[in-house]
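What follows is a short report on a single structure.
Model, not experiment: these values are computed from the prediction.
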Amino acid sequence: MDCSGRKHYHIHGFDSRQHLENFVSDKPEMVFAEDSLVFPIQRLVKTFSLGHIKGDILIDFTAGSVIHHLYSACDYFKHLIVLKIQDRCILELKRWVDRRTGAFHWGHIAQLHAEIEGKSDQLEDREGKVRFALQHILKCDLEKDKVTEPIDLPPADCIISFALLDYICKSQDDYFKYIKKFSRLLKPGGHIIICGGLGTTYMTIGKDKLHMFTYDEDFVRKALVGEGFVIDSCEIKKRTVESDLTDYKAAMFIVAHKHC
């Protein structure tokens, strides 16, 4: 724990199911839909539809067992490699992939994608396509030089990171360090997509209050450019929802490519 008594996701873990229920479920009391679901999905659909971000391999570095940001990606990449820090998050995700009893329900995400893409007749096909793409779910350790040791990862065409850096970074130096690791996993010219919350200091999941790294848009731009990335686009959505589960000020969606 830090001096405020807040836990760290990559050290202490968290209740992955409660995290899903709080921030990405279809329950009436889940108040973050516009920021955590609609905003990133709209941006991803738009970004991928431009046609220049595609290829063989996409690597996903995301906190918890969240997958709603990958529904669009499976149309543009042959293989999705999902890397998780916590075993609990891997088990939660595999429960859905394997259609086990008690798996989290993601049907509302398929519906949301269908509405945004105008393809409401392809709901079942969408769920099946995502499950088929999620055949590579691996444990990772970002403190190691080879994050999936002893497994070698193929160079990626794209990396997506959804809020992971918000949870695991304790300082600006940490953020720079992880951006450098992401860059090493990308092909020359490859893309990185980062989604996160600006100005966040904490996240509450169940009984636990977790540390969150606080940053702003300018800092993320600086971190990416400093590692040789070219910013392609950046969109910010100011928070409108009221909830004491977390204190982010705005949602961020930024796309950049690695300079050849």
Hey, any chance L50 and F48 share a hydrophobic cluster, counting ILVMFWY side chains that come within less than 4.5 Å of each other, even indirectly? no

Taking a hydrophobic cluster as the set of Ile, Leu, Val, Met, Phe, Trp and Tyr residues connected by side-chain heavy atoms closer than 4.5 Å, whether directly or through intermediates, do Y202 and V241 fall within one such cluster? no

Can we say R88 and E92 salt-bridge, meaning some charged N sits less than 4.0 Å from an Asp/Glu carboxylate O? no

So, are K54 and D157 salt-bridged, with charged N and O less than 4.0 Å apart? no

Indicate yes or no: at least one non-hydrogen side-chain atom of Y178 is less than 4.5 angstrom from one of V147. no

Is it true that D35 and K237 make a salt bridge, defined as a side-chain N closer than 4.0 Å to a carboxylate O? yes

Any luck finding a side-chain donor-acceptor pair between Y215 and D166 under 3.5 Å? yes

Any heavy-atom pair between the side chains of T62 and H69 that's under 4.5 Å? yes

State yes or no: are the ring centers of Y167 and F213 separated by less than 6.0 Å? no

So how far is it from Q42 CD to E34 CD, rounded to the nearest 0.5 Å? 7.5 Å

So, taking the atom named NZ in K180 and the one named CG in L185, what distance separates them when rounded to the nearest 0.5 Å? 13.0 Å

Using the ring of each side chain (for Trp, its six-membered ring), is F104 parallel, tilted or perpendicular to W106, with breaks at 30° and 60°? perpendicular

Is there side-chain contact between I194 and I179, with heavy atoms separated by less than 4.5 Å? yes

Indicate yes or no: at least one non-hydrogen side-chain atom of R6 is less than 4.5 angstrom from one of T201. yes

Value rounded to 0.5 Å, distance of OG in S65 from CG in L91: 8.5 Å

OG1 of T204 to CG of D208, rounded to nearest 0.5 Å, is 9.0 Å

Are any non-hydrogen side-chain atoms of I53 and V255 less than 4.5 angstrom apart? yes

Does any non-hydrogen side-chain atom of I109 lie less than 4.5 Å from one of D26? no

Modelled atom types, side-chain donor and acceptor of H52 and D232, under 3.5 Å: no

I'd like to know if V24 and V38 are part of one continuous hydrophobic network [Ile/Leu/Val/Met/Phe/Trp/Tyr, side-chain heavy atoms within less than 4.5 Å]. yes

Distance only, no hydrogens: is a donor on one side chain within 3.5 Å (strictly under) of an acceptor on the other, for E117 and Y71? no

Are L93 and L138 joined in one hydrophobic group, where the rule is that I, L, V, M, F, W and Y side chains link up if heavy atoms are under 4.5 Å apart? yes

How many angstroms lie between atom CG of L164 and atom NZ of K84, to the nearest 0.5 angstrom? 8.0 Å

Does any donor atom in the side chain of S171 or D173 lie under 3.5 Å from an acceptor atom in the other side chain? no

R17/D15 salt bridge by N-O under 4.0 Å criterion: no

CD of E227 to OG of S183: how many Å apart, nearest 0.5 Å? 4.5 Å

Do the non-hydrogen side-chain atoms of W96 and V130 ever get within less than 4.5 Å of each other? yes

Centroid-centroid distance, F162 to F61, less than 6.0 Å: no

Pairs touching residues 226-260 that satisfy ring-ring contact (aromatic ring centres under 6.0 Å, His included), sequence neighbours left out: H191-H257

